[in-house]
Amino acid sequence: MAQDKVVSGKVISATDNSPLPGVSIIVKGTTTGTISNIDGEYSITVPSDEATLVFTFVGMSTMEEVVGNRSVINVNLEEDVTSLSEIVITGYGQQKRSDLTGAISSVSSEMIENMPTPSFEGALQGQAAGVNITSSSGIPGQAMRVSIRGTNSITASSEPLYVVDGIPMISEDNSALFTGGYNANSMADLNPDDIASIEVLKDASATAIYGSRASNGVILVTTKRGKAGKPKINFNYYTGVQQPTRVIDMLEAPDFIRMLDEAAANDGFGENYFSGGGPGFNFIGDPEDPELQNTNWYDEIYRNGKISNYSISATGGNDNVKYYVGGSYFDNEGYVLGSNFERFSGRVNLDAKATDKLSFGTSISLSQTNQDRPIGDNSLYGVAINSLAGDPTMPVFEDDGSYADPFVYWSWWAFENPRASTDIYSRSTDTKRALASIFAEYEIIEGLTFKSSWSGDVSLVNDNSFIPSVAAQSRRAGTNGEGIYATFNQLTWLNENSLTYTKNFGDHDLTALAVYSLQESQSEFSDINGQGYALDDLPNLALASDITSASQNGTSWGIRSFVGRINYKFKDKYLLTLSGRLDGSSRFGAENQNAFFPSASVAWRISEEEFLRNSGLVDDLKLRVSYGITGNQEGINNFASRALWSTAEAYQGIGGAGPSRLGNGNLGWEETSQLDIGLDIALFNGRLSIVTDYYDKNTTGLLLNAPVPGFAGVLSGVATQNLGAVRNRGFEFGLNTVNVDKNSFRWETNFNIALNRNEITTLVNDTTRIGSSHVLMEGQVLGTYFMPRFTGINPETGNPEFEDLNGDGFINPDDAQVVGNIQPDFFGGISNTFKYKGFDLRVFFQFSVGQEIWNQSRHAYENMGMVKNFGGFFQPYGNISVKAYEDRWQNPGDESRTPRLSLGFRREEDGSLTRLPNTPEDNQNFSQFLEDGSFVRLQNLTVGYTFPSKLLSKTKVVNSLRLYAQGQNLLLFTDYLGQDPEVSSNGESVTAPGNDFGALGPPRTITFGVNIGL
Amino acid sequence: MKNISIKLSLIFAFSCFALSCDVLEQEPQASITPEVIFASEQGADAAVVGLYSFLQKDENYGELIPFAMDQYADVSTYAGFFEYYLDLDRNVVPATNTAVAELFRGGYATINLANIIISEVPNVDDAGYTEEERAEDIASAKTFRALAYFDLLRHFGEYWDSSSQFGMPLFTQSTGGDLANVAFAERASVDAIYQQILTDLTEAEADLPDSSDKTFVSQGFVQGLLARVYLYQKDYANAITRATQVIDNPNYELLPNYADVFSTGGNSEDIFKLLFNTQDPSSLSTFTISREEVLPDPALIAALEEDPNDTRQELLGQGPTGTQIRILKYPDGAGNSDPALVMRLAEIYFIRAEATALSGGSLDDALADINIIRERAGLDPVAAVANQDELIDLLLSEKYKEMFLEGHRFFDLVRLDRYDDVLGIEAFRRILPLPQRELDIDGNLMVQNPGYSN
């Protein structure tokens, strides 16, 4: 038996020669090991000179050293370019990427930091294959729509589950204010700079561990934690400007009048109907008059938005205590007047090692956000809506300084002066959010660890809204000012207790996990509406003379779960994962309260087989297959299974009650089975890597607010039932190449593309219409447009023509048919990163092709001269766009897609008026305004310079310094006629997406920033 | 240290097991189960109040019953962008129109609640709930059920022809609020629906009070409704009898001043007025005042301005912004507290006049009833009419000016066969199509009204 001997040394990074703390050093084939200290130093006892030391560290190539006769072994660890040893966070654990059997996309903090967006989802756009992220609005702090591998649900939520440091985060909008389809984004409560990595779990193998909430995929957010070593302080700052992507070019005042004159002439009213004669009936103005008022309404409501972010963090610690402390302030004035978002946030993450066996820690995040938003679309008094067709001959202000009133000008369309909407209608939401958890971990015996954690997600929301007495909404109703004050508070607590067992038996590696989890959420909300204010300057509800309504209510839900998982690995070649979760939910009927969600997956690392192992060409070749079942229970009412009577059925102040919800004792989980076949390839020493997946997801027992007959006696007309099925099949492809890497020049390309085919496979009530534009229909995709079909402009008459499907002589919604859908044929992104010495350049394009957008706004700004007739007094509908004016049909034989100008009334020989059919207003829900929404967007362009550390070391203070300029959404290539194809006036609606009705597109943002490390 | 940490872990572990049963047991905070409702008199009374609340909905008298068919007729025009009003205004109403769906659903919601009350009230286990109180609650429910069937029938059924099969599906049993008990049915005949209405009303009549509180259903309202139903059925003798019964009831007197009819409280002219208040608002002024979308038809303005002495002109007026003339019967844009007039005495005079004239009775008697209404409006009485046609013309024109935007005009034009002259619509459009959504759900078990495609 050989002598034990002590070996010591220092581990440094080959990249920058800095000491590496936390490197694991193990004597090969034994369990003897140690970890390098803050200065990268270690000391270990080895049994003999034949012993081999294995040095492993995240992100570095593993190194082996035979001890021999040395007693000091210093090691330089190289950066691992293949990223196979990269640690990937998984549900309730973590794994080396090479050991994964599921489909997981990772996005590192570099891709999130410095992105000028209020919330981290904005930074994920186009980065991960199969993850489609769209912003429904350009108002800062509004929710984004995130769909992973297609849309699975109709009534229940289609948004993924967000898990932040192990806490399923409540991601719903808790504001009580009506903003016209737009939801506030509660994910914006999180500071993106605190995020270390984001993992997107896509297949059942990865997600089933979250069981009943995993059908839509899971997004794991891991925040930064302390590392042993010298304290590091990072300061990040950026500031910049925002603008709308595009502005719709509207007619100037003289052409507005000429346009109406032509419309009148076309309809038998003679020449100069609106400009002849002089002041009086139906006289708008003289187009030749140089004094003619000319207002561009978009110029009036848009501004140069501002965005800036300050964030500072400190990390450090020793072997026993590690800390991360971060604070930030984010401030964004949107490009629309009246839209602001700001966030203050702070985070403390602590890890402490109490004994060799016991460790504990905490993650605490506190934030406060304030959002001011103007009234959105779908509101009569909305900002964009009133600008759409605003009368250019109307001034913003009258001579006396008051807001001009659209009712005395020439646009029937406008209900309010858009500037009054931005300036005097106020609505704001303040949110205080705490996400906190404490945890303790104890190693019972070697390899067996018990972990217990308690977490809380607390959200306190205050809403304030005020419409002063001078506003049109208040004047017309005679309310003398209207105010709303609302509160929402929610506590969601989570307790999880887990046992993990890890064991190596020669060629066999086994990890087993068991978790018992309880979660409960309780919320309380109230709102008060008042009117009759003495003064517009004091919008406090205490001063409202009349409280029109006041209510208080609450709700709650709970989930109890048992979770298990086994990871097994044989010879590093054959990998197996089995997982299962038994969930019980308070939401479901007694019959179906519990459900089990299993998954199984296998992977074969072909590259580890003898025939490939030493090829030198193939770093990794792995085939993955997984199958599993996940569930969905989000988005339905907490008491959807119960027969309920509402007690809000009062009459004359006497309390009453009436049926509000049909009981459905059989209500249960929506289930999604998913098959995934994936192939991972890495070649040429990390120069080329490919991740590709095929999946087939079948969702059955859809939680659907399905129509019930009128006889059922509930006014909602629906009951939540498990009806119908949806299928999503698709293909994802991700490619990463290092094109050039020599002479300090590195060029890297990342490309991803995804195809998803969505289909409603079973629907009990086939052809369920959603509003006047969409339909749910078997064999069609979710988000199918159902409208009368536009067939073109008659070249002889200049009138639009439509298919009279039922042949009754009228074109109306009874003639609706499938005319398109919102689902893209494919989407993805491509980024090229160039690095030369200290310079870096990143060019990132995002694309989405084949989706159709219903540009309903066009019925307003392409009204083609239509008027409303008030007993012979003609009130024009509103202004039209320059493009519509230029493209209009003018003479018989003209081929055009834009109809002739027309008032919508014809004057007959005898002087009587005939109302003409198919005016743009009549046709607003017809397919004439359906457009191809395909686009390619230069989503990001960044140029940066990192100062050489040699230079900085002279300062003795600054360790790193980078300056950069960044453009977000710089260029947009699309045939779409509206402001931006990436919009939805119905927010995150799954059943009626893709509607653009005065929607505000995402902003173009240019920022300058600095990253300083001390 | 080691022991402490083990203990700590155990505390963590056990505290949650102790909570485990709780998280799956959650209770709603603002709703209640039907079992609780019918456990006491207080609960049963709440359900009866619920009937009034259902009648207040937009689907019923809170908006659509007074407004939808007047929009179809020549009472109002629409200056907004809600498709359902635009369809009505254009006189081409597709089966997918949302007002059509809501009127249907609103009617059956009232019927469903009435069915539950009628079936559950006898079983309420509460000694303090007397037989008289139970009988009155059941009578109220039957009155609501009859009103709802009648409103459904005249919107969707061929009510002018008792032998027609195009009535409405008939449900009189309770579903108990459970999805499993919801059934489909074919349309019953028009006659079957009339029989159900008459049975309910005659049974309710005795058990309801002859009350001077016009804001709840009463014996007088049941009698007035009987008069209206008999008139639609062309049972003129019974219509005259019932109308006379109401006119002779001292609880009901015409108000001297027309504008006072639309005051917010109950008054002597009311027979049944549904009250609203700011906390329990209607949508009536939302459309006429706040949104300025339901506006008087030029023909109505002309008719009211025909005689400068006609005091009913006061119910038209300009708004604070702009040029539009608005109907001021529901003027409270700020509070939305204007009442809906389900039935008032003026209508009963018209019913008796119409029944008298059409049954071959004295045209002078009929004219006398119409003159009562004319004189109250500040007009001179009409001395004589030459024949029945002339009387009907006069009646239609007077009722138009008297009861605009109270939801009568369209049915009058159809009943008296003037819809083609006045509105120029085809015969099949005398009634609305059945909602497409209902036909989709029941697989076309109900047969669509003749003339409507799909």
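All heavy atoms count here, side chains included; hydrogens, waters and symmetry mates do not. By convention in this document, chain letters (A, B, ...) are assigned in the order of the sequence lines, proteins followed by strands, and residues within each chain are numbered from 1.
Taking the side chain as every heavy atom from C-beta outward, Ile559(A) and Val23(B) never approach each other to under 4.5 Å. Between Phe54(B) and Pro659(A), the closest side-chain pair of non-hydrogen atoms falls below 4.5 Å.
Interface remark: of the candidates Gly584(A), Ser585(A), Ala650(A), Ser551(A), Ala650(A) forms the most heavy-atom pairs closer than 4.5 Å to chain B. Ranked by heavy-atom pairs under 4.5 Å with chain B, the list Gly478(A), Ser474(A), Ser556(A), Pro917(A) is led by Ser556(A). For the set Thr98(B), Ile37(B), Ile301(B), the count of heavy-atom pairs under 4.5 angstrom toward chain A peaks at Ile37(B). Ranked by heavy-atom pairs under 4.5 Å with chain A, the list Phe171(B), Phe184(B), Phe104(B) is led by Phe171(B).
In this structure, Ala719(A) and Leu179(B) approach most closely via the heavy-atom pair CB-CD1, 4.2 Å. Contact between Pro707(A) and Ile441(B) at its shortest, heavy atoms only, is CB-CD1, 3.5 Å. For Lys868(A) against Ala79(B), the heavy-atom pair with the smallest separation is NZ-CA, 4.3 Å. Of all the heavy atoms in Pro28(B) and Leu644(A), the pair that sits closest is CG-CD2, 4.1 Å. Closest approach of Gly106(B) to Leu715(A), counting heavy atoms only: CA-CD2, 4.0 Å.
A donor-acceptor pair under 3.5 Å is absent between the side-chain atoms of Arg661(A) and the main chain of Gly177(B), judged by distance alone. Looking at Tyr651(A), its side chain does come within 3.5 Å of a backbone N or O of Leu275(B) through a donor-acceptor pair. Using a distance-only test at 3.5 Å, with no hydrogens or angles considered, no donor-acceptor pair links the side chain of Glu83(B) to the main chain of Pro813(A).
Of the atoms belonging to Ala101(B), not a single heavy atom falls under 4.5 Å from chain A. If you measure heavy-atom distances from Val182(B) to chain A, the contacts under 4.5 Å come from the side chain alone. There is no contact between Ile117(B) and chain A, counting heavy-atom distances below 4.5 Å. Heavy-atom distances place no part of Glu35(B) under 4.5 Å from chain A, backbone and side chain included. Of the atoms belonging to Asp442(B), not a single heavy atom falls under 4.5 Å from chain A. Contact of Thr555(A) with chain B is made through the backbone alone, with heavy-atom distances under 4.5 Å.
Ring pair Trp645(A)/Phe38(B) is perpendicular by interplanar angle, where above 60° counts as perpendicular and below 30° as parallel.
Note: Asp280(B) CG to Glu649(A) CD = 8.5 Å, rounded to the nearest 0.5 Å. Atoms CD1 and CZ, from Ile654(A) and Phe216(B) in turn, are 4.0 Å apart once rounded to the nearest 0.5 Å. For the atom pair Phe82(B) CZ and Ser772(A) OG, the distance stands at 11.0 Å (nearest 0.5 Å). The distance from atom CD of Gln436(B) to atom CG of Asp814(A), rounded to the nearest 0.5 Å, is 6.5 Å.
Using a 3.5 Å distance cut-off with no hydrogens or angles, the side chains of Thr215(B) and Gln652(A) do pair a donor with an acceptor. Gln26(B) and Glu520(A) form a side-chain donor-acceptor contact under 3.5 Å, judged by distance and modelled atom types alone. Judged by distance alone, the side chains of Thr768(A) and Asp440(B) never bring a donor and an acceptor atom under 3.5 Å apart.
Here Arg187(B) pairs with nothing under the salt bridge (Lys or Arg N to Asp or Glu O under 4.0 Å) rule; sequence neighbours left out. Scored by the side-chain hydrogen bond (donor to acceptor under 3.5 Å, both in side chains) test, Thr492(A) finds Ser521(A) as partners (sequence neighbours excluded).
For the side-chain contact (heavy atoms from CB on, under 4.5 Å) with Asn812(A), the lone residue among Val92(B), Leu86(B), Thr96(B), Asn97(B) that qualifies is Val92(B).
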(message) Using the rule given for side chain to side chain contact (heavy atoms under 4.5 Å, CB included), can you reason through Phe407(A) versus Glu292(B), listing the C-alpha separation, both sets of side-chain angles and the distance that settles it, and then say yes or no?
(response) CA-CA 11 Å; Phe407(A) 278 82; Glu292(B) 280 186 336; 3.8 Å; yes
